[in-house]
Each structure stands twice: as structure tokens, then as C-alpha cells.
Amino acid sequence: MQRIKIHRLLKSAAPIEAVLVMGWVRTKRDAKGFSFIELNDGSCLTNLQVLADEALPNYEEIRRLTTGSAVAVQGELVPSKGQGQQWELKATQVSLIGTAPETYPLQKKRHTDEFLRSIAHLRARTNKYGAAFRIRSELAYAVHRFFQERGFRYIHTPILTASDCEGAGEMFRVTTLPPGIHEIEEDFFGVEANLTVSGQLEAEMLALALGDVYTFGPTFRAENSNTRRHAAEFWMIEPEMAFCDLQEDMALAEALIRFLTGHVLDHCAEDVNLFARFVDKNLLPQLELLANAEFARVPYAEAVAILEKSKQPFEYPVSFGIDLQSEHERYLTEQHFGKPVIVYDFPKTIKPFYMRLNDDGRTVASMDVLVAGIGEIIGGSQREERYEMLAERMAQMNLSKEKYWWYLESRQYGSVPHSGFGLGFERLIMLVTGINNIRDVIPFPRTPRSIDF
RNA sequence: UCCCCGAUAGCUCAAUCGGCAGAGCGGGUGGCUGUUAACCACUAGGUUACAGGUUCAAGUCCUGUUCGGGGAGCCA
């Protein structure tokens with residue numbers, strides 16, 4: 001008999017005479033002469049209630065089934081006589097596949113996130129983490145769908161790289177040299193190699209060939225960041241579009257966020273409701289807002305003026321030229337506008353070399369998308385496509401022309417205006433689930449001093 | 001990296017002013033009931049993170065270390 005997944009079984013319109021399911025025991029309730037087994041196979045949040053009675057030949061074994069055990073159950077799908085579920089499986093055969101002794105650490109009560117992080121190899125078997133990782137999968141699919149439907153090409157940029165997307169952060173060194181040996185010419189590549197911090201520079205090259213492209217892959221930052229919003233290894237989505245200015249870039253960023261939140265509302269209702277009930281009471285209104293409200297757009301200079309007029313007791317004083325601090329971003333998106341905000345045209349002094357200089361000579365065509373609870377979820381810009389301007393910016397920032405020769409050369413051969421942005425995938429998952437720690441939206445998180453599993 | 005907070009049974013937490021280390025859940029045993037985080041009874045379970053110090057007496061006070069969390073910076 002072929003195995004059926006529980007999420008399909010529970011959607012059944014009629015009783016089914018014989019089915020086979022396999023999964024893990026979440027809990028068991030014994031009565032005299034029969035037992036209820038809550039079975040979960042990961043295909044959905046809801047458990048299947050299995051009714052096993054003493055007529056089964058191995059009923060003694062079933063009585064001893066423990067939480068966490070893996071079983072295969074054959075039986076008949078029948079309407080449940082009890083409250084709380086439409087269907088239940090009346091077992092005709094229950095076979096034990098894998099036992100779980102009483103040391104199994106997951107209980108049916110609530111555990112803390114901190115404890116579950118210490119058993120990351122098992123936490124996906126809980127309701128919350130199972131739901132989070134199902135949503136993660138669904139979001140990844142939706143990202144591809146969004147771009148593919150708009151004619152974007154999915155490209156793969158290198159993970160090992162010798163280039164350095166200046167300003168993106170500290171890098172992990174990759175080497176085959178034994179400890180203590182420092183002769184770089186002896187190393188695998190003969191030059192310093194690192195894990196990528198961004199695929200942007202390479203994505204630009206592909207955009208200047210294929211038109212509209214996007215990357216979606218792992219990136220690495222060796223920053224000693226100890227916050228709930230930073231991980232050393234995270235996934236980033238980076239579209240790059242030829243013949244595209246900052247206005248169109250912002251429009252795409254907004255469309256992407258709205259599409260993804262809408263997709264999750266439409267396709268992950270059961271899992272989203274779990275988060276709305278137990279993690280963030282305000283989640284559903286937030287998601288509706290993200291999916292439906294037009295994002296506010298405000299130039300940096302105007303954002304600074306709003307903050308100056310706000311009379312808020314900011315820890316960091318505001319004036320033109322400062323980078324916006326977390327408290328400023330929060331005020332703008334959570335209080336002043338009450339919805340997502342795109343701040344654009346930042347001073348050139350606080351932004352990297354590749355952003356396009358505006359005509360005012362002091363700002364660049366950059367933008368940050370700010371959302372409640374998280375702050376910056378997207379950072380992007382129109383890239384400097386003019387060779388002379390780019391070379392001058394690099395000289396001002398003491399970057400070597402030799403190292404970026406290929407990047408510069410792209411501005412000499414058919415250079416066109418182009419734009420792109422980076423979206424942190426984990427921050428997106430935090431946004432749509434209400435989970436407030438990045439360590440809980442990636443199955444096996446990497447943070448400073450933490451690389452277990 | 002900086003600031004703040006924390007670490008007590010497998011898990012979640014109590015323990016008053018420095019004075020006998022406890023409960024719920026989970027585990028075990030038995031009972032009971034178409035149950036729903038089932039219920040009832042009994043039961044086992046502790047180097048109070050680690051190392052030092054103060055004190056007649058330390059889970060509690062002091063110093064250091066480790067680990068965890070929150071905030072900040074860096075950023076996505």
C-alpha cells in the first residue's frame with residue numbers, strides 16, 4: 001500500500017477504507033481498551049488522531065509507545081466521534097519503525113526558544129519550528145515565482161571569491177594553508193580568498209548581458225555581531241536590472257515584499273495562524289498591511305527633517321550626514337508613517353563606491369526599505385554606470401583600480417543605467433512569522449562562537 | 001566589541017532579611033474515562049554553571065571564568 005501524507009488525508013472529502021501513514025508520535029492518550037495517538041509527519045501542522053484498540057495483536061506494544069517514536073499505521077479514515085477533529089484513523093495495523101526512549105527531550109508542553117536552540121537537530125519536530133521551516137520553504141518558492149514570472153533569470157554567483165563588495169562587512173578567509181604558514185603564493189588560489197559577502201558585483205555583470213537577473217544564495221559575514229537580527233551565514237536575494245533607475249528599483253522592492261507576504265497569507269494560512277496565536281498577536285494585521293498598503297517613500301533629507309521635528313529623545317542626535325540609527329528607523333516606520341518606508345538618496349559619504357552619484361553632487365541614488373520590528377530589510381541602489389565618475393569615487397575611497405579591473409571594464413563596453421537591491425531572506429521570514437530572533441528562522445544558525453550541528 | 005540581565009531536577013520555574021532546596025510538566029507504577037497540553041493516586045529524580053572568597057551558616061553576598069539572553073554598533 002502506498003503511503004499518504006497527512007495534509008492530504010485531512011483534506012479528504014469522504015471516508016477512505018484503507019490508507020497507510022507514517023510519522024512520529026506527538027502524544028498518546030490511553031483509555032481502558034484503546035489509545036489515541038497524535039501522529040505528525042511534518043506535512044502540515046495538524047496531527048492525525050489515530051485510534052488503536054486492544055483488538056490489535058501488538059496492543060501491549062502500542063500502550064508503551066513513547067512521544068517521539070516513529071510508526072507506520074494502516075487503517076480506515078473515518079469521521080471522528082470526538083470533538084476537535086473531522087477525521088481520525090481507525091488503525092488496523094500499527095508497526096513501530098523507530099523507538100524514542102524517555103530521554104527524548106521534546107515534551108508536549110511549551111519549551112523556551114533558548115532550550116530548543118540547544119537541540120536544533122530535533123526542534124523542527126515541534127509545532128513552531130516545523131511551521132517556520134515550512135514557511136521558509138514556501139517563501140523560497142515564492143521568491144523564484146515572483147522573479148520567474150517577471151522574466152528574470154536566476155543566476156549563480158560565486159561563493160568563493162577574491163573580490164570584496166566594499167562596505168558589506170568583514171569576510172571569512174578561505175585557505176588550504178596549514179596553521180602558521182602565511183605565504184599567500186602557496187595557497188590554493190595564490191591570492192587571498194574569502195567567502196562571499198554579496199553577489200552584487202558579479203550579478204551586475206550578468207544583468208549587463210541577460211537584462212534582469214537575480215541571485216538567491218548563501219552569504220557570509222564575519223562581523224562580531226551579537227544581535228537577534230544578524231547571523232554569520234544567511235541567505236540573500238539580490239535582483240539586478242539593466243536599463244533600470246532607482247524609481248523602478250524601489251517599485252520592484254515594494255512589489256516583491258507585497259507579493260511574498262500575500263503569498264504566505266494565501267498559501268500558509270494554518271502555519272501563519274500558529275504564529276498569530278502564539279508568537280505575535282499583531283501578526284495578521286501586520287501582514288495585511290505589508291501586502292496591501294502602499295509603502296511611504298521619503299528622501300533621506302526629508303527623513304532627517306521629520307526626525308528633527310519629532311521632538312523624540314533620541315540617543316543619537318539627528319542631522320544631515322549621519323547614518324540613520326535603529327531608533328530613527330523604528331520611529332519612521334513604526335510611529336511616523338505606521339507602515340513600511342523607503343528612504344532614498346542618502347549622503348554619498350555614508351554609502352559604498354558603486355552607488356550612482358546624484359546631480360546634487362552630495363547624495364547617491366540609494367534606498368533602504370524599513371519595516372516595523374526589523375528595521376532595514378532591503379538595501380539597494382542605482383549603480384554608477386559612468387566610468388569616469390566610478391573611477392573617481394574609487395580613487396576618493398582609496399580602492400585599487402587593478403583589483404576591480406573587470407568591474408570598471410563593464411563601464412567601458414556598452415554601459416547602461418542599472419539598479420538592484422539585496423533582501424535578507426531570514427529577515428523576511430522573521431517579518432512574516434513574527435519570530436524575533438534570526439537564530440530561529442534558519443534550521444542551523446551560525447553566529448559568533450556558535451557552529452554546532 | 002560595548003552596556004545591562006540571567007544560569008536551581010530532563011523541561012518551565014519557586015525558594016521572604018543569608019537559616020531544612022520545592023512545585024508543575026515530563027519519566028516510572030497503578031487506576032479511570034471517546035480522549036484533545038486528558039484526568040486521579042503513588043513514586044524516583046539535585047555537585048543550585050564552574051573556580052575562589054566572606055560568614056557560625058551561601059542557591060542567596062563578593063571576585064573571576066564560561067555559557068545564554070536583551071539592547072547598541074556593524075549590516076541584510
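Just so we're on the same page: letters track the sequence lines, and every chain starts at 1.
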Just jot down the side chain to side chain donor-acceptor pair (under 3.5 Å) partners of R229(A), sequence neighbours excluded, or say none.
none
Contacts to RNA chain B from residues 362-384 of chain A, heavy-atom cutoff under 4.0 Å, which residues?
E376(A), I377(A), I378(A)
Contact list for RNA chain B against residues 312-325 of chain A - heavy-atom distance below 4.0 Å:
Y316(A), D323(A), Q325(A)
Could you work out the separation of G53(B) and A58(B) based on their C1' atoms and round it to a whole Å?
11 Å
By side chain to side chain contact (heavy atoms under 4.5 Å, CB included), which residues pair with F172(A), not counting sequence neighbours?
L195(A), F220(A), A222(A), A232(A)
Counting C-beta onward and ignoring hydrogens, is there a side-chain heavy-atom pair between V272(A) and L283(A) closer than 4.5 Å?
yes
Round to the nearest Å and state the distance from M171(A) atom CE to C74(B) atom C1'.
15 Å
Quick check on R277(A): does its CZ atom have over 12 non-hydrogen neighbours (other residues, nucleotides or ligands) under 6.0 Å away?
no
Contact check, side chains of I442(A) and I429(A), non-hydrogen atoms, under 4.5 Å
no
To the nearest angstrom, the CD-P distance between E170(A) and G73(B) comes to 18 Å
Can you check C39(B) for me, syn or anti if syn means within 90° of 0?
anti
Please name the pair of heavy atoms, one in V21(A) and one in L48(A), separated by the smallest distance, quoted to 0.1 Å.
CG2-CD2, 4.0 Å
Looking at G23(A), is its backbone amide N or carbonyl O close enough to the side chain of N40(A) to form a donor-acceptor pair, meaning the two atoms are under 3.5 Å apart?
no
For a quick check, tell me whether the side chain of S225(A) and the base of C74(B) share a donor-acceptor pair closer than 3.5 Å.
yes
Sugar-phosphate atoms are those with a prime plus P, OP1 and OP2; base atoms are the rest. Using that split, label each nucleotide of nucleotides 66-71 of chain B B, S or - for protein heavy atoms under 4.0 Å, 5' to 3'.
-SSSSB
Side chain to side chain contact (heavy atoms under 4.5 Å, CB included) partners of S319(A), counting only residues at least two apart:
E308(A), I322(A)
Closest non-hydrogen atom pair between V213(A) and F152(A), with its separation:
O-CD2, 3.5 Å
Using a heavy-atom cut-off of 4.0 Å across all strands, would you classify H111(A) as base, sugar-phosphate, or nothing?
sugar-phosphate
Quickly, which of E240(A), E238(A), Q148(A) forms a side chain to side chain donor-acceptor pair (under 3.5 Å) with Y214(A)? Name it, please.
Q148(A)
What's the CD-P distance between Q49(A) and A38(B), to the nearest Å?
11 Å
Scan for salt bridge (charged side-chain N to carboxylate O under 4.0 Å, His left out) pairs involving residues 117-131 of chain A, sequence neighbours excluded, and state none if there are none.
D113(A)-K128(A), R117(A)-D440(A), R123(A)-D440(A)
Would you please test E54(A) and K32(A) for salt bridge (Lys or Arg N to Asp or Glu O under 4.0 Å) and show each step?
CA-CA 9 Å; E54(A) 59 190 344; K32(A) 197 184 185 76; over 6 Å; no
Answer yes or no for R362(A) and F320(A): cation-pi contact, defined as NZ/CZ to six-membered ring centre under 6.0 Å and angle to ring axis within 45°.
yes
Indicate, with a heavy-atom threshold strictly under 4.0 Å, whether F115(A) touches base, sugar-phosphate, or nothing.
sugar-phosphate
Enumerate the protein-to-nucleotides 24-27 of chain B contacts in which both atoms are nitrogen or oxygen and the separation is below 3.5 Å.
unit_1	atom_1	unit_2	atom_2	d
G24(B)	N2	K109(A)	NZ	3.0
G26(B)	O4'	Q107(A)	OE1	3.3

For atom CZ of R63(A), decide whether the heavy atoms of other residues, nucleotides or ligands shown that lie under 6.0 angstrom number more than 12.
yes
Would you say the side-chain atoms of Y300(A) pair up with the backbone N or O of G321(A), donor to acceptor, closer than 3.5 Å?
yes
Tell me whether the guanidinium CZ or amine NZ of R150(A) lies under 6.0 angstrom from the six-membered ring centre of F146(A) and within 45° of its axis.
yes
If I pick the P atom on U65(B) and the same atom on C4(B), what distance separates them, to the nearest angstrom?
14 Å
Within residues 76-92 of chain A, those residues having any heavy atom closer than 4.0 Å to RNA chain B are S80(A), K81(A), G82(A), Q83(A), Q85(A), E88(A)
With E38(A) as reference, evaluate K28(A), R26(A), R29(A) under the salt bridge (charged side-chain N to carboxylate O under 4.0 Å, His left out) test and give the passing residue.
R29(A)
Electrostatic pair R383(A):D249(A) at N-O distance under 4.0 angstrom
no
Rounded interatomic separation in angstrom, taking CG from N224(A) and C1' from C75(B)
14 Å
Can you confirm whether more than 12 heavy atoms, excluding those of Q396(A), are under 6.0 Å from its CD atom?
yes
Mind checking side chain to side chain donor-acceptor pair (under 3.5 Å) for S80(A) and listing every partner two or more places apart, or none if nothing turns up?
Q85(A), E88(A)
For RNA chain B, what dot-bracket results from Watson-Crick or G-U pairs at under 3.5 Å, with [ ] for crossers and | for inter-strand partners?
(((((((..((((.....[..)))).(((((.......))))).....(((((..]....))))))))))))....
What is the distance from CG of L116(A) to C1' of U12(B), rounded to the nearest Å?
12 Å
Can you measure K128(A) atom NZ to A37(B) atom C1' for me and round it to whole angstrom units?
17 Å
Does the H328(A) side chain pair with the main chain of Q325(A), one donor and one acceptor, at a distance under 3.5 Å?
yes
Among residues 19-32 of chain A, which contact RNA chain B at a heavy-atom distance under 4.0 Å?
T27(A), R29(A), D30(A), A31(A), K32(A)
Considering only side-chain heavy atoms of T112(A), which listed nucleotide, U36(B), C74(B), U12(B), is closest?
U12(B)
